[in-house]
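Here is the structure we will look at, set down as structure tokens.
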Amino acid sequence: MLLSQLFGKTQKETPREADTISHRLLLRAGMIEQVASGVYSYLPLAQRIIRSIEAIVRDEMNKAGGQEVTLPVLQPIELWQKSGRDRAFGESLFTLTDRKGQSLVLGPTHEEVFTEMVKRHVQSYRDLPLMLYQIQSKFRDEPRPRGGLLRVREFTMKDLYSFDQDEEGLDQSYQKMARAYQNIYRRSGLNAVMVEADSGAIGGKESHEFILPAESGEDEIVSCTLCGYAANMEKAAAVKSRLEEEEEKPLGEVFTPGKKTIEEVTGFLNLEKEKTLKSVFYNADERLVLAIIRGDYEINETKLKNALKVSRLTLASHEDILRAGIVPGSASPIGLKEILVIADDSVLSGRNFVAGANRPDHHLLNVNCPRDFEADLVLDIARVREGDPCPRCGGNLKISRGIEVGHIFKLGTFISERLGAYFTDASGSQHPIIMGSYGIGIGRLMAAAVEQNHDENGIIWPASIAPYQVYLCPIFAGNTGVSDAAENLYHALEEGGISTLVDDRSESPGVKFNDADLLGLPLRITISPRTIENRCAELKWRDEKSSSLLPLDGLAEKVKSFLQARSTAKSGT
RNA sequence: CGGGGUGUAGCGCAGCUGGCUAGCGCGCAGCGUUUGGGACGCUGAGGUCGGAGGUUCAAAUCCUCUCACCCCGACCA
């Protein structure tokens, strides 16, 4: 391809809205363009990258036993009402009305429509197991798109669904997908880690995410360097410290004028935070609940939400709390009636805590659970803290950030039961099909690849997903020796099956080299009067500093073998 | 939805205490000189100043409403 013919220009300056590295670089490289908030166009270079990623994904899905189909984006809302997920998705669901007044949904995911199809074709256990997938557009009206391609409202996703007759079958399908996903990231030149994930309010027992470590990532990851335990913060657990044993002392009260927060109260009473109980009120599906936790911990709202089995959970406002006749800042579960109390198990880890007295400017001393109050539920609802002990081995837990580039779920029978997707087993009885769901965002993967592979000059594409392998850079092309050599090499490379982008513009060397760095193709080959003097060309790998001169004779063949050698070294095969 | 911010040429920005022909840099077109890490000179094209309404002799500039976009939070299979 001639650069002069390529649609999409590089830019020196970054559009103002771009904050995230991948967003800036992809915009500057002329690869993507924003059309609306969270909606992007892909220009030719990006399109080639996307195609390469899709090819790898498709290959791994096929190898794992998946069969590709294409199901519609446009889906009747009834399907979503049947599964009940129209409510779970709520505002995120893009809906529209056709000319007959019929409501349709732009699919945010495709469990329903796949299940509906499978239901008509699968009656017997002999039809199982089954794995179907597609690479298709998804639409989600995200509250806030962000980070360029990292969180968008329209995106391409590979989604595969597994259908099995029993748990063992599901386990096998799940393992196959976990392996396929790891192959995909390895082949794409990306270093993704598999972590335990929250499976959401609806659906399955087990779920994992694949996370690319990156500062710009939205997900917090908890990991243990000792034993390899890794989990999304939403799901992560840690061992909680136990406080020193002491006798239960009698309940008392203390005057704490104007002291409301844990900091103020502990400062005033000269106490450690861990000797207090923190009371936090939430609106859980319209109902006020009290969560209580030891003062040195914070509440993990995902865990709380799951424990309460609600779909909406928001922090209660002062007004909400006052309306219930409670004193914000001095609240505690003691003597509270008619409010659901859920406690973190840390409240059982010590004795004689300080807690609110439920009257202004007073706190209680020596509060003990269950002597002074009982919780309706006691379980782990705490956020893991940096350095907390690992739940597996006791090692120190670390917290880092990452981008979610894949998510796999054991869905179970939630959808199949609601949509009536049953099969007949060998003994003739009916069972709901057991499902799994496995998604990977293609565009996000591209952006994440940039987040992970760049330097101050631009992108450094892993060769397997690079839009072209070679940036052929003739300089002073007015020189016929240079232009002839470049043209010969270009043809030889193309004939050898090596995709090449030729910078045939009459720009100065500096401009060309800077664009080469920005676009990030793996290998730059420069031909100039200086190099052809010795019948040579200069080769420089994007991810290396130094360059080398090699004879033009037989260069295409050599380049081919270099590229092959590198790709086998990278993929570790 | 709450908080903060921005809309002026393809991109980045200035102008905004009301003042006349709306500027600068990059990019773009033409010509010439250059050229191993974002060259230079000359000439030129390109703008309903996000939109609507208002105040005024006069609005990019002041007022009201509105739309879009970005960031933080809420939210997020």
Side-chain angles (χ1 to χ4, degrees), chain A residues 8-20 23-24 27-28 30 33-39 83 85 88-93 107-112 138 140-148 150-153 157 159 161 197-204 207-209 216 218-219 232 234-235 282-283 301-302 305-306 311-317 404 406-412 414-415 435-441 456-458 473-479 482 505-518 524 526-531 533 538 540 547 549:
Chain A
K9 276 185 194 133
T10 59
Q11 289 182 317
K12 240 182 264 185
E13 279 162 315
T14 317
R16 182 162 36 98
E17 72 264 22
D19 231 21
T20 316
H23 193 197
R24 301 167 72 99
L27 283 171
R28 280 192 53 212
E33 208 171 273
Q34 182 170 27
V35 172
S37 179
V39 179
S83 70
R85 296 209 305 170
F89 271 96
E91 302 261 74
S92 296
L93 214 52
T109 174
H110 282 70
E111 280 83 2
E112 279 78 0
K138 302 281 184 279
R140 293 182 191 173
D141 196 357
E142 294 287 346
R144 183 149 88 84
R146 70 183 88 188
L150 292 179
R151 179 165 293 274
V152 291
R153 298 193 297 170
M157 181 164 134
D159 46 327
Y161 306 92
D198 175 54
S199 49
I202 310 165
S207 169
H208 287 85
E209 286 171 346
S216 55
E218 296 179 277
D219 290 87
N232 191 304
E234 295 177 342
K235 162 92 178 176
Y282 286 92
N283 292 316
E301 293 183 358
T302 305
K305 196 169 162 184
N306 290 342
S311 53
R312 279 182 150 281
L313 183 78
T314 53
L315 210 54
S317 65
E404 177 191 341
H407 201 160
I408 60 179
F409 285 91
K410 288 189 177 176
L411 266 185
F414 177 84
I415 308 267
M435 294 176 58
S437 162
Y438 316 84
I440 187 164
E456 63 281 9
N457 298 320
C473 190
I475 55 185
F476 314 119
N479 178 315
V482 170
R505 303 170 302 172
S506 52
E507 289 289 349
S508 70
V511 171
K512 293 187 176 193
F513 292 154
N514 279 305
D515 276 344
D517 286 347
L518 176 59
R524 188 185 81 196
T526 308
I527 299 179
S528 72
R530 195 193 284 178
T531 65
E533 231 170 70
E538 180 202 74
K540 182 183 172 301
S547 59
L549 283 176

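Treat the numbers as computed from the prediction; the structure is a model and nothing was measured. All chains are named by letter (A, B, ...) in the order of the sequence lines, taking the proteins before the strands, and each is independently numbered beginning at 1.
Across the protein-nucleic acid pair, A/Asn232 atom CG and B/C76 atom P stand 13 Å apart, rounded to whole Å. Atom-to-atom, NZ of A/Lys9 to P of B/G10 comes out at 13 Å; the value is rounded to the nearest Å. At whole-Å resolution of the value, CD in A/Gln11 and P in B/G25 are 19 Å apart. Atoms CG (A/Asn514) and C1' (B/G27) sit 16 Å apart, rounded to a whole Å. Going from atom CD of A/Glu112 over to atom P of B/A77 covers 14 Å, rounded to whole Å. Rounded to whole Å, atom C1' of B/A77 lies 12 Å from atom CG of A/Asp159.
At B/A68, none of the side-chain N or O atoms of A/Gln34 fall inside 4.0 Å of OP1 or OP2 (strictly under the cut-off).
The separation of B/U61 from B/A45, taken at their C1' atoms, amounts to 28 Å, rounded to a whole angstrom. Using P as the reference atom, B/C40 and B/U34 are 16 Å apart when rounded to the nearest Å. Nucleotides B/U55 and B/C63 place their P atoms 15 Å apart, quoted to the nearest Å. The same atom, C1', is picked in B/U21 and in B/C26; the two are 25 Å apart, to the nearest Å.
Using Watson-Crick or G-U wobble geometry with both donor-acceptor distances under 3.5 Å, B/C69 finds its partner in B/G5.
Nearest nucleotide to the A/Leu411 side chain, out of B/G27, B/A77, B/A74: B/A77. Taking every side-chain heavy atom of A/Glu13 into account, B/G12 is the closest of B/G12, B/A39, B/G37. If you check B/C71, B/G36, B/A77 against the side chain of A/Asp19, the one that comes closest is B/C71. Here the side chain of A/Arg524 is nearest to one of B/U35, B/C71, B/G37, namely B/G37.
Residue A/Arg140 is classed as a sugar-phosphate contact, given heavy-atom separations below 4.0 Å to backbone atoms only. A/Leu27 comes within 4.0 angstrom of no nucleic acid atom, judged by non-hydrogen atoms across all strands.
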Review point. Passes salt bridge (charged side-chain N to carboxylate O under 4.0 Å, His left out), A/Arg24 versus A/Asp19? Steps please.
Key: CA-CA 7 Å; A/Arg24 301 167 72 99; A/Asp19 231 21; 5.1 Å; no

